[in-house]
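Naming convention: chains lettered A, B, ... in sequence-line order (proteins, then strands); numbering from 1 in each chain. Side chains are part of it too, since the values below use all heavy atoms of this structure and drop only hydrogens, waters and symmetry mates.
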Amino acid sequence: MATFSTSQPLSLPRHPSLSNPNHPTTNNERSRHTISLIDRCADLRQLKQIHAHMVRTGLFNDPYSASKLFAIAALSPFASLDYACKVFDQIPQPNSFSWNTLIRAYASGPDPLRSIWVFLDMVSESQSYPNKYTFPFLIKAAAEVSSLSLGQSLHGMAIKSAVGCDVFVANSLIHCYFSCGDLDSACKVFTTIQEKDVVSWNSMITGFVQKGSPDKALELFKKMESEDVKASHVTMVGVLSACAKIRNLEFGRRVCSYIEENRVKVNLTLANAMLDMYTKCGSIEDAKRLFDQMEEKDNVTWTTMLDGFAILEDYEAARDVLNSMPKKDIVAWNALISAYEQNGKPNEALLVFHELQLQKNTKLNQITLVSTLSACAQVGALELGRWIHSYIKKHGIRLNFYVTSALIHMYSKCGDLEKAREVFDFVEKRDVFVWSAMIGGLAMHGCGNEAVDMFFKMQEANVKPNGVTFTNVFCACSHSGLVDEAESLFNQMESSYGIVPEDKHYACIVDVLGRSGYLEKAVKFIEVMPIPPSASVWGALLGACKIHANLSLAEMACTRLLELEPRNDGAHVLLSNIYAKSGKWESVSELRKHMRVTGLKKEPGCSSIEIDGMIHEFLSGDNTHPMSKKVYGKLHEVMERLKSNGYEPEMSQVLQIIDEEEMKEQSLNLHSEKLAICYGLISTEAPKAIRVIKNLRVCGDCHSVAKLVSQLYDREIIVRDRYRFHHFRNGQCSCNDFW
DNA sequence: CTAGGGTTAG
């Protein structure tokens with residue numbers, strides 16, 4: 001038998017007029033031979049050869065033979081849509097099969113909607129009618145582009161064409177409704193199927209898993225079992241994915257034994273799903289064992305394993321996996337970058353990003369950019385963030401919701417609120433995350449009223465707020481003292497927006513009330529909370545007590561907070577200072593001893609500043625920076641100049657998170673933000689703004705110093721502290737000294 | 001002669 005592994009001339013039956021008239025082969029046999037050759041074609045050249053032959057012999061005029069050739073042209077591994085279309089146009093009267101084939105080819109091509117245009121041609125211009133094979137392809141196209149209205153129209157047409165009850169049509173509708181987010185319709189279709197097959201169940205199970213209801217997927221699986229439907233390997237993939245999402249190792253293990261007992265065929269995809277379940281559920285031993293057993297591995301296998309180590313924060317092992325990958329792809333790089341970024345290691349994430357850029361064959365994608373922008377936001381790497389933004393523009397990368405939110409978030413957190421607004425205004429469509437990012441940005445910069453306005457504009461745009469939106473709005477209210485607005489929105493959260501307040505929302509309201517001086521009200525609010533107050537709730541109250549110098553309440557809040565978070569360093573230091581202020585010296589020494597014994601230390605103040613794309617970090621009292629001497633020289637000069645302009649160091653805030661050692665640093669003006677600002681003065685020129693990021697709250701003295709420097713040195717200074725931004729300009733701060 | 005459901009990174 002002839003097989004064509006490489007392109008060779010074909011031995012085609014000869015033209016009837018040329019063949020020996022006495023030769024016994026009939027036309028029928030000749031066409032059978034030609035058609036069997038079509039099936040064994042290995043490339044387009046061979047196919048075209050047969051095509052030419054068929055035209056010459058007239059075989060192409062036979063609808064069956066022509067459709068056979070066309071199907072290979074459109075669907076084989078070496079298919080060419082261009083060529084297939086030309087073949088199709090030559091078919092005199094394409095039958096339904098040929099139309100279906102063309103629709104199928106387009107539906108799984110790069111532009112699925114083109115299959116709809118073919119369908120319209122079929123309906124309007126041909127004698128062929130759509131049948132039960134036609135609709136699954138079209139519905140698949142609708143699913144691909146997530147067009148609910150298209151899916152609904154096709155659903156209606158399928159019913160009119162009397163194929164609405166066909167199980168293939170119904171199954172593709174389930175898939176389509178899920179991908180359009182219309183879960184109710186998907187369920188309705190499912191319940192109307194008379195004879196559900198395993199694919200019907202699988203479509204439901206994977207639909208629920210992918211749309212964020214893994215628990216429902218597991219329920220369905222149990223129901224499927226109780227109805228004695230035999231699960232397939234695709235069922236297993238879906239169920240394992242559900243287990244991975246809800247971190248249910250026990251159920252996941254049961255699924256694995258089910259697979260063994262029922263001899264479900266374990267292919268690569270299923271093995272990968274098992275691996276993912278083990279890693280996500282935290283059983284790295286099982287994962288390692290499976291990984292070592294797997295004979296065949298693909299990039300999914302490697303990346304899943306990489307992520308498994310990253311989850312355990314074993315970055316060395318994760319890195320080893322990346323290094324061992326035969327063909328590293330962007331997904332694997334993204335996994336490492338995002339692992340660092342999401343575990344509070346943004347600098348490491350940026351290092352990996354820089355390394356990735358040196359790889360010639362790996363193209364960044366939207367996910368790379370989202371993770372990296374998020375890392376930029378954390379460290380305040382505005383220059384790199386800007387570079388990524390221009391990269392996005394230059395390469396025409398689409399601003400989807402993720403990328404848009406990430407850009408807004410990056411610009412906001414790096415202190416460039418105007419740029420954040422530009423991005424927000426530029427995009428045409430905004431989802432809840434884009435709106436929330438913008439509201440959050442306004443909140444950080446103390447634009448409370450604008451944030452609240454934005455919240456209402458969002459409703460006008462028919463975008464429903466979520467829990468994050470409310471957190472950001474409350475945060476905005478808090479920084480701007482908008483007590484009434486916050487209270488009124490809080491009261492509507494559940495009744496009007498259907499969002500059950502969580503502990504972070506309660507903490508926000510306590511913060512709003514407390515900051516504005518309504519300490520009693522805040523306490524009452526905590527007392528009537530329907531859920532037990534969390535550490536962040538007490539933390540918010542404590543913060544308010546600090547601002548308003550309420551010692552007794554602070555002591556209570558501190559005690560509650562330490563019950564919930566025994567290793568909260570700030571609360572310890574603060575409590576010891578409270579005791580000191582109240583003369584409870586025994587309690588002070590007890591607490592200090594406790595801290596020494598348990599090795600609890602106050603997180604050191606740290607400020608950073610980006611110069612020419614490099615992040616420079618300063619700890620308080622730091623002299624490790626290469627330009628340390630010059631920085632201190634500048635600091636001395638600044639302080640002298642400030643003093644001669646009437647500045648007096650502020651040494652007596654009532655409550656501060658300062659430990660004994662820091663007292664000395666405080667008196668010597670060694671706070672990290674002062675060092676970073678001085679470094680900024682040395683290494684940049686006006687009118688460039690000095691942007692500093694601090695890990696803790698900016699202290700009162702540094703705040704006054706920054707105000708004066710902005711005036712006397714005529715420099716804009718932008719400081720991001722743990723909670724918000726301070727824009728210092730002409731001796732004023734954007735926070736109006738309310739923070 | 002045709003068809004549907006699947007795993008990794010935000």
K.L.:
For the side chain of Thr269(A), starting at C-beta, report the closest nucleotide among dG6(B), dG10(B), dC1(B).
P.N.:
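Of dG6(B), dG10(B), dC1(B), dG6(B) is nearest to the side chain of Thr269(A).
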K.L.:
Report which part of the nucleic acid Asp298(A) touches: base, sugar-phosphate, or nothing (heavy-atom distance under 4.0 Å, all strands).
P.N.:
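Contact class for Asp298(A): none.
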K.L.:
Kindly point out which of dG10(B), dT7(B), dG6(B) is positioned nearest to the side chain of His233(A)?
P.N.:
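From the listed options, dG6(B) comes nearest.
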K.L.:
For the backbone of Val300(A) and the side chain of Thr303(A), can you confirm whether one donor and one acceptor N or O come within less than 3.5 Å of each other?
P.N.:
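It does not hold such a pair.
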K.L.:
Name the one of Trp302(A), Phe309(A), Tyr278(A) that satisfies ring-ring contact (aromatic ring centres under 6.0 Å, His included) with Phe291(A)?
P.N.:
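It is Trp302(A), the one option of Trp302(A), Phe309(A), Tyr278(A) that forms the ring-ring contact (aromatic ring centres under 6.0 Å, His included) with Phe291(A).
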K.L.:
What contact category does Ser172(A) fall into here, base, sugar-phosphate, or nothing, at under 4.0 angstrom with non-hydrogen atoms?
P.N.:
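Ser172(A): no heavy atom of the nucleic acid under 4.0 Å.
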K.L.:
Quick one: which of dT7(B), dG10(B), dC1(B) gets closest to the side chain of Gln366(A)?
P.N.:
dG10(B)
K.L.:
Just to be sure I understand the rule, does Asp329(A) reach a base, reach only the sugar-phosphate, or reach nothing, if contact means heavy atoms closer than 4.0 Å?
P.N.:
nothing
K.L.:
Once you round to the nearest 0.5 Å, how far does CD1 of Ile330(A) lie from OG1 of Thr362(A)?
P.N.:
6.0 Å
K.L.:
Whole Å only: how far is the CG atom of Asn267(A) from the P atom of dT8(B)?
P.N.:
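Distance check: Asn267(A) CG to dT8(B) P gives 14 Å.
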K.L.:
Remember a base hit wins even if backbone is also touched, and classify Asn100(A) as base, sugar-phosphate or nothing at under 4.0 Å, heavy atoms.
P.N.:
base
K.L.:
Val234(A) has a side chain; which of dG10(B), dG6(B), dA9(B) sits nearest to it?
P.N.:
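Of the options given, the side chain of Val234(A) lies nearest dG6(B).
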K.L.:
Do Gln90(A) and Phe70(A) come within less than 4.5 Å of each other through their side chains, counting heavy atoms only?
P.N.:
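Sidechains of Phe70(A) and Gln90(A): no contact.
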K.L.:
Are Asp39(A) and Ser36(A) close enough that a side-chain donor and a side-chain acceptor fall under 3.5 Å?
P.N.:
no
K.L.:
Which one, dT7(B), dA9(B), dG10(B), comes nearest to the side chain of Val237(A)?
P.N.:
dT7(B)
K.L.:
On the nucleotide dA3(B), are OP1 or OP2 found under 4.0 Å from the side-chain N or O atoms that Arg104(A) carries?
P.N.:
yes
K.L.:
With a 4.0 Å limit, can you tell me whether Gln210(A) has a side-chain N or O closer than that to the phosphate oxygens OP1/OP2 of dG6(B)?
P.N.:
yes
K.L.:
Counting any heavy atom closer than 4.0 Å, what does Thr101(A) reach on the DNA or RNA strands: base, sugar-phosphate only, or nothing?
P.N.:
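The answer is nothing, as Thr101(A) stays clear of every strand by at least 4.0 Å.
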K.L.:
For the residue pair Phe424(A) and Trp435(A), is the inter-centroid distance of their aromatic rings smaller than 6.0 Å?
P.N.:
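They qualify: ring centres under 6.0 Å apart.
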K.L.:
Would you indicate which nucleotide in dG6(B), dA3(B), dT8(B) comes nearest to any side-chain atom of Thr304(A)?
P.N.:
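The nucleotide sitting nearest to the side chain is dT8(B).
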K.L.:
What is the separation between atom CE on Met277(A) and atom P on dT7(B), rounded to the nearest whole Å?
P.N.:
15 Å
K.L.:
Would you say Ser147(A)'s side chain and Leu150(A)'s backbone share a donor-acceptor pair under 3.5 angstrom?
P.N.:
yes
K.L.:
Which parts of residues 337-346 of chain A get close to DNA chain B, meaning a heavy atom less than 4.0 angstrom away?
P.N.:
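Under 4.0 Å from DNA chain B: Ser338(A), Gln342(A).
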K.L.:
Using a heavy-atom distance cut-off of less than 4.0 Å, which residues of residues 242-257 of chain A contact DNA chain B?
P.N.:
none
K.L.:
So what does Phe137(A) hit on the nucleic acid, given a heavy-atom distance under 4.0 Å: a base, only sugar-phosphate, or nothing?
P.N.:
sugar-phosphate
K.L.:
Which residues within residues 63-78 of chain A lie with some heavy atom under 4.0 Å of an atom in DNA chain B?
P.N.:
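Contacts with DNA chain B under 4.0 Å: Tyr64(A).
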K.L.:
Output the single nucleotide from dA3(B), dA9(B), dG10(B) whose closest atom is nearest the side chain of Asn365(A).
P.N.:
dA9(B)
K.L.:
The side chain of Asn95(A) is closest to which nucleotide in this list: dC1(B), dG10(B), dT2(B)?
P.N.:
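Given the options dC1(B), dG10(B), dT2(B), the side chain of Asn95(A) is closest to dC1(B).
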K.L.:
Less than 4.5 Å apart, side chain to side chain, heavy atoms only: is that true for Leu407(A) and Ile392(A)?
P.N.:
yes
K.L.:
Take Arg289(A) and Glu285(A) through the test salt bridge (charged side-chain N to carboxylate O under 4.0 Å, His left out) and record every step on the way to the result.
P.N.:
CA-CA 6 Å; Arg289(A) 191 174 338 107; Glu285(A) 288 76 25; over 6 Å; no
K.L.:
Please determine whether a side-chain nitrogen or oxygen atom of Lys280(A) lies at a distance below 4.0 Å from atom OP1 or OP2 of dA9(B).
P.N.:
yes
K.L.:
The side chain of Val370(A) is closest to which nucleotide in this list: dG10(B), dA9(B), dG6(B)?
P.N.:
dG10(B)
K.L.:
Measure from NZ or CZ of Lys196(A) to the centre of the six-membered ring of Phe190(A) and say whether it is under 6.0 Å with the direction within 45° of the ring axis.
P.N.:
yes
K.L.:
Consider only side-chain N and O atoms of Ser200(A) and Asp197(A), and report whether a donor and an acceptor are under 3.5 Å apart.
P.N.:
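On atom types as modelled, these side chains qualify, holding a pair under 3.5 Å.
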K.L.:
Could you check Thr134(A), Ile91(A), Val123(A), Val118(A) and say which one makes a side chain to side chain contact (heavy atoms under 4.5 Å, CB included) with Trp99(A)?
P.N.:
Val118(A)
K.L.:
Give Thr368(A) one of three labels, base, sugar-phosphate or nothing, depending on what nucleic acid heavy atoms sit under 4.0 Å from its own.
P.N.:
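Since no nucleic acid heavy atom lies under 4.0 Å of Thr368(A), the category is nothing.
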K.L.:
Is there side-chain contact between Ile337(A) and Ile367(A), with at least one heavy-atom pair below 4.5 Å?
P.N.:
no
K.L.:
Rounded off to whole Å, could you give me the CZ-to-C1' distance for the Phe178(A) and dG6(B) pair?
P.N.:
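In whole Å, dG6(B) C1' lies 15 Å from Phe178(A) CZ.
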